[in-house]
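Presented below is the structure to which this report refers.
Naming: A, B, ... by sequence-line order, numbering from 1 per chain. None of the values given here were measured: they were computed from a predicted structure.
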2 protein chains.
Amino acid sequence: MAAQTGSQAVERASALLGLIVESGAPRTFSSLVDELGLAKSTTSRLLQALERSRLVYRDRAGAFRPGALFSLHAARPSALHDLSELARPTMEHLSVLSRETVNLAVPRGGQLVSIDQVDSRYLVGATNWVGVDVPAHCTASGKVLYAYGALPLPTGQLERRTAHSPVDRAQLEHALVEVRRRGWAASLDELELGLTAVAAPVRAVDGSVVAAVSVSGPTSRINDNGITKLGDAIVAELRGLSALLGHQPGRKEGFA
Amino acid sequence: MAAQTGSQAVERASALLGLIVESGAPRTFSSLVDELGLAKSTTSRLLQALERSRLVYRDRAGAFRPGALFSLHAARPSALHDLSELARPTMEHLSVLSRETVNLAVPRGGQLVSIDQVDSRYLVGATNWVGVDVPAHCTASGKVLYAYGALPLPTGQLERRTAHSPVDRAQLEHALVEVRRRGWAASLDELELGLTAVAAPVRAVDGSVVAAVSVSGPTSRINDNGITKLGDAIVAELRGLSALLGHQPGRKEGFA
DNA sequence: GTCCAAAGTTTCACATTATGGAACCCGAGT
DNA sequence: ACTCGGGTTCCATAATGTGAAACTTTGGAC
């Protein structure tokens, strides 16, 4: 049985709020009652308190969604900062393992946005990618977000950055199939000659991909340590971060 | 005194969470104790419950920030949907008042993103702008977001859409000064000949601008009803929406 | 290193609050 | 009309939350 923490009511209300936030779809009153197992009257009263506190709102059909405080948070630039703080321990662990540059990127406004970085521990290979505008199809993170539908596929002519850049659509599509098969993506001299990156997805509770974490460095060094080995290591490391976002391995991990 | 709601503990914890989410900066333990006036021990216990529930996290200095559930929500496409649901009543009221097209736009990835629209009640003037890529400096909403620092100013050459488009930087800068003076922005035949829009800012708790709401229609009709009158009406209508995001009129409303 | 104040946590008696069963309300469907 | 599902309100009482006080930890000054 749960230890006494002096905050049972708060924990119950928080559990309700967690179910609502983690849900991809609006939650009905009775589904919340069934899942949490509290009395209807208790559930009703806790939800009313959450509603008054702007933590949930009821849509037109009466189902529950995250409320104004969540929208306020999401609307501010600091939301990205909080996400990168959440990811920071994972990124620093990857930095220790790989000794290379670790980068966190998210889809924003239909584009790839790099929001945080842990720098390489080598003297060579220290490019700061945060805030830098790059063609997503040439990057490992971009391929991850495309492969799992977190970014709309690019339209128009694909930009060529190097002789290795995937400017042919069929070539890119094939690469995305490979990403989905392996669970990670690679970019070999495609953004910049001599630069290789490997990236894997960060998933939310329903398996949808919300971010990508990449490890990048000079092609020679990354090759020497093994691209497949690195890809699998990133996937393994991101399990913890995805779990913080409510993701449980074994759940559907397909096209979001 | 407050009526008995049977959820005092939840309301207290929610009030703490609200202070943390509304704060632009991390909140210290003692500032929360001072502001809410609860006993230190009660405050400590409630914050611990919120932390266990992933609703807050403590940064390296031990100060409190919105937790993983907020980051999860912000990272998902549905966050924009929830923001537009929050704005919907205001937008529909503006639609009734103006009988024109009402649009909600946010800054995302350094760009202007239109996320919701209430259509004109006239037969003429029904363009759907949601998801359409437009040069922000030619739009009323874009000018609002630039004027208040919610969007980085455009770099490079300013695109010309019509003979009225502000392609000269000094011209644009002057327009932004005017936006800040009046509290709303206008775009007269600048995006499209015959199209005029007026927009005003949606503000968060600290006065920072997080979105813009515009009313647009044929230039002749908008002119007939008066641009200044429309601008002032939008500003007045958005007070309620900004209040939902914790904004209180009279607080600093300057450059965010 | 020591000392001290501030930040924060734990303990516990008991007053207050949260709980859940039952009654009730409302709207939709038959 | 009745039934059912989604909720809300009521209320007796058991359980929990509360805050004062004691205690611990941390950071800065000397």
Side-chain angles (χ1 to χ4, degrees), chain A residues 1-68 85 88-89, chain B residues 1-68 85:
Chain A
M1 193 48 215
Q4 295 290 63
T5 58
S7 47
Q8 174 182 248
V10 174
E11 310 219 1
R12 285 175 161 184
S14 301
L16 277 176
L17 186 53
L19 290 182
I20 290 161
V21 171
E22 290 186 334
S23 170
R27 290 295 298 251
T28 62
F29 178 77
S30 50
S31 78
L32 294 169
V33 171
D34 290 343
E35 183 152 355
L36 210 48
L38 298 179
K40 284 204 295 179
S41 55
T42 298
T43 305
S44 176
R45 198 171 52 245
L46 295 179
L47 285 169
Q48 283 175 23
L50 292 175
E51 201 173 348
R52 282 197 300 275
S53 305
R54 295 183 293 151
L55 287 164
V56 301
Y57 77 96
R58 302 187 75 165
D59 67 17
R60 263 155 294 194
F64 294 91
R65 289 292 304 156
E85 283 289 303
R88 195 73 184 185
Chain B
M1 196 46 215
Q4 295 290 62
T5 58
S7 46
Q8 175 181 248
V10 173
E11 310 219 2
R12 284 175 161 182
S14 300
L16 277 175
L17 186 53
L19 291 181
I20 291 162
V21 171
E22 289 184 333
S23 171
R27 292 294 300 250
T28 61
F29 177 77
S30 50
S31 79
L32 294 170
V33 171
D34 290 344
E35 183 153 356
L36 209 49
L38 299 179
K40 283 203 295 182
S41 56
T42 298
T43 306
S44 177
R45 198 174 50 246
L46 295 178
L47 286 169
Q48 283 175 23
L50 292 175
E51 202 173 348
R52 279 196 302 276
S53 305
R54 296 182 293 150
L55 286 165
V56 300
Y57 77 96
R58 302 187 75 164
D59 67 18
R60 263 155 293 194
F64 294 91
R65 288 293 305 158
E85 283 290 303

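Atom OG of B:S23 sits about 6.5 Å away from atom CZ of B:R65, to the nearest 0.5 Å.
A heavy atom lying under 4.0 Å from DNA chain D marks the following residues of residues 41-68 of chain B, by number: B:S41, B:T42, B:R45. Near DNA chain D, meaning a heavy atom under 4.0 Å away, the residues from residues 28-36 of chain A are A:F29, A:S30.
When the C1' atom of D:dG7 is taken as reference, atom CZ of A:R27 falls 17 Å away, rounded to whole Å. One can place CD of A:E11 at 13 Å from C1' of D:dG17, the figure rounded to the nearest angstrom. Atom pair B:L38:CG and C:dA7:P shows a separation of 17 Å (rounding to whole Å applied). Regarding B:Q8, its CD atom lies at a distance of 15 Å from the C1' atom of D:dA15, rounded to whole Å.
Residues satisfying the salt bridge (charged side-chain N to carboxylate O under 4.0 Å, His left out) criterion with A:R88, sequence neighbours excluded, are A:E92, A:D116. Applying the salt bridge (charged side-chain N to carboxylate O under 4.0 Å, His left out) test to B:R58 and every residue at least two apart in sequence or in another chain returns nothing.
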Counting primed atoms, P, OP1 and OP2 as sugar-phosphate and everything else as base, the B/S/- map of nucleotides 23-30 of chain C against protein heavy atoms under 4.0 Å is --------
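For the pair B:L47 and B:I20, the minimum side-chain heavy-atom distance is below 4.5 Å. With a 4.5 Å cut-off on side-chain heavy atoms, B:S44 and B:Q48 count as touching. Within the 4.5 Å cutoff, side-chain heavy atoms of B:L38 are placed close to those of B:L46.
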Distances for protein N or O near nucleotides 24-29 of chain D N or O, under 3.5 Å:
none

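The nearest pair of heavy atoms linking A:P89 to A:E85 is CD-O, 3.5 Å. Of all heavy-atom pairs between B:G6 and A:R45, the closest is O-NE, 3.2 Å. Minimum interatomic distance between B:L36 and B:A15 (heavy atoms only, all atoms of both residues): CD1-CB, 4.0 Å. Considering all non-hydrogen atoms of both residues, B:E35 and B:L19 come closest at OE2-CD2, 3.5 Å. Between A:E51 and A:F64, the shortest heavy-atom contact is OE1-CE2, 4.4 Å. In terms of heavy-atom proximity, B:L50 sits nearest to A:S14 at CD2-OG, 4.4 Å.
For the OP1/OP2 pair of C:dG20 and a distance below 4.0 Å, the side-chain nitrogens and oxygens of A:R12 include at least one atom meeting the criterion.
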